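A short worksheet on the structure shown next.
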Amino acid sequence: MKNIQLIGSLLVIAGSFLPLVHVPVIGNWNYWKLDHSLAIICWILGVCALFGVVNNRFKMGQILGFLLILLFIFTLVAIKMQSLNYFSFLPFSSWRETFAGVVKLKWGWIIEFLGAFLLLIKKNTTKI
C-alpha cells in the first residue's frame, strides 16, 4: 500500500503542472495560473502526504488525500463561479451562462483526483 500512496502523492504534485482549464484565446492554465495561493496549498498538502507516506504514517496520507479532494472540489466550484462573474457585464443571464460555458476543464483534473483517491486507499489489516 505504501507504493500506491506514494504514487498518489506524486500524481497530485505532478498533476498541478498539467493543463487543468482551457480558456479560449488565452490557452491552457495549470494550478499556478489559476490561483497562486491554491497552487501553494496543493503543493504543501502533496508534499506533506509524500512525507507521511515515506514515514509510514498512512493515516496522515489519508487525511491529506481527503483534504486534497476538498481543495479540488472547491477549486472547481471557484472556477465556475469566477467564469460566471467574469461575464457579469452581459445583460441576460442566458448569455452569461453561454459565455461562461466556453471555459472548459482539461484532462489534468483526472490525474489530480486519481492521485488524491490513491492516497485514500487503506491497508488491509485482516489476519488469517
Side-chain angles (χ1 to χ4, degrees):
M1 290 301 132
K2 182 176 181 177
N3 292 338
I4 292 174
Q5 286 187 331
L6 183 67
I7 291 170
S9 61
L10 292 175
L11 282 176
V12 166
I13 295 169
S16 67
F17 296 104
L18 298 175
L20 299 175
V21 176
H22 178 75
V23 180
V25 180
I26 297 173
N28 293 327
W29 286 1
N30 57 15
Y31 233 125
W32 184 256
K33 288 183 181 177
L34 284 174
D35 188 39
H36 298 309
S37 59
L38 290 177
I40 291 170
I41 292 170
C42 176
W43 294 334
I44 289 172
L45 290 176
V47 169
C48 288
L50 182 66
F51 176 76
V53 170
V54 169
N55 290 322
N56 293 324
R57 296 185 182 195
F58 299 112
K59 188 70 171 172
M60 181 178 163
Q62 291 174 340
I63 292 170
L64 291 171
F66 180 72
L67 290 175
L68 281 164
I69 290 173
L70 289 178
L71 176 72
F72 298 154
I73 291 171
F74 172 76
T75 305
L76 290 173
V77 170
I79 289 169
K80 181 65 175 171
M81 297 303 290
Q82 185 64 27
S83 64
L84 285 172
N85 191 29
Y86 187 72
F87 295 105
S88 63
F89 65 90
L90 295 172
F92 301 111
S93 64
S94 62
W95 289 5
R96 281 185 287 239
E97 293 172 6
T98 302
F99 279 100
V102 299
V103 176
K104 300 292 183 193
L105 300 178
K106 297 296 280 184
W107 58 275
W109 286 111
I110 296 170
I111 305 299
E112 290 281 7
F113 276 103
L114 178 65
F117 282 122
L118 286 178
L119 283 169
L120 295 178
I121 293 178
K122 287 186 175 181
K123 184 177 182 181
N124 191 1
T125 57
T126 58
K127 294 182 180 180
I128 298 175

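Everything numeric here is computed off the predicted structure, so don't read it as measured data.
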Would you list the atom pairs, donor with acceptor, under 3.5 Å between side chains in residues 64-79 and any protein atom, with sequence neighbours excluded?
from, atom 1, to, atom 2, distance (Å)
Thr75, OG1, Tyr31, OH, 2.7
Thr75, OG1, Leu71, O, 2.8

> Do you know the tightest heavy-atom contact between Ser9 and Leu50?
Replying inline: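 Smallest interatomic distance, heavy atoms only, reads OG-CD1, 3.3 Å.
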Tell me which donor-acceptor pairs under 3.5 Å the side chains of residues 52-60 have, and how far apart each pair is, sequence neighbours excluded?
from, atom 1, to, atom 2, distance (Å)
Asn55, ND2, Phe51, O, 3.2

Kindly work out whether a path of hydrophobic side-chain contacts (I/L/V/M/F/W/Y, heavy atoms less than 4.5 Å apart) joins [X] to [Y].
X	Y	value
Trp107	Trp32	no
Leu11	Phe17	no
Phe113	Leu105	yes
Leu10	Val12	yes

>> Counting neighbours of CD1 on Ile110 that are heavy atoms of other residues, nucleotides or ligands and sit closer than 6.0 Å, is the number greater than 12?
In response: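 Open: at most 12 neighbouring heavy atoms sit under 6.0 Å from CD1 of Ile110.
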In Å and rounded to the nearest 0.5 Å, what is the [atom1] to [atom2] distance from [X] to [Y]?
X	Y	atom1	atom2	value
Ile111	Ile13	CD1	CD1	14.0 Å
Cys48	Trp43	SG	CH2	14.5 Å
Asp35	Cys42	CG	SG	11.5 Å
Leu38	Ser16	CG	OG	11.5 Å
Glu112	Leu18	CD	CG	7.5 Å
Leu45	Ile63	CG	CD1	12.0 Å

Side-chain donor-acceptor pairs of residues 19-29 under 3.5 Å, sequence neighbours excluded:
from, atom 1, to, atom 2, distance (Å)
His22, ND1, Asn28, OD1, 2.8

> Do Asn30 side-chain atoms and Lys33 backbone N/O form a donor-acceptor pair below 3.5 Å?
Replying inline: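 Pair found, side chain donor or acceptor close to backbone of Lys33.
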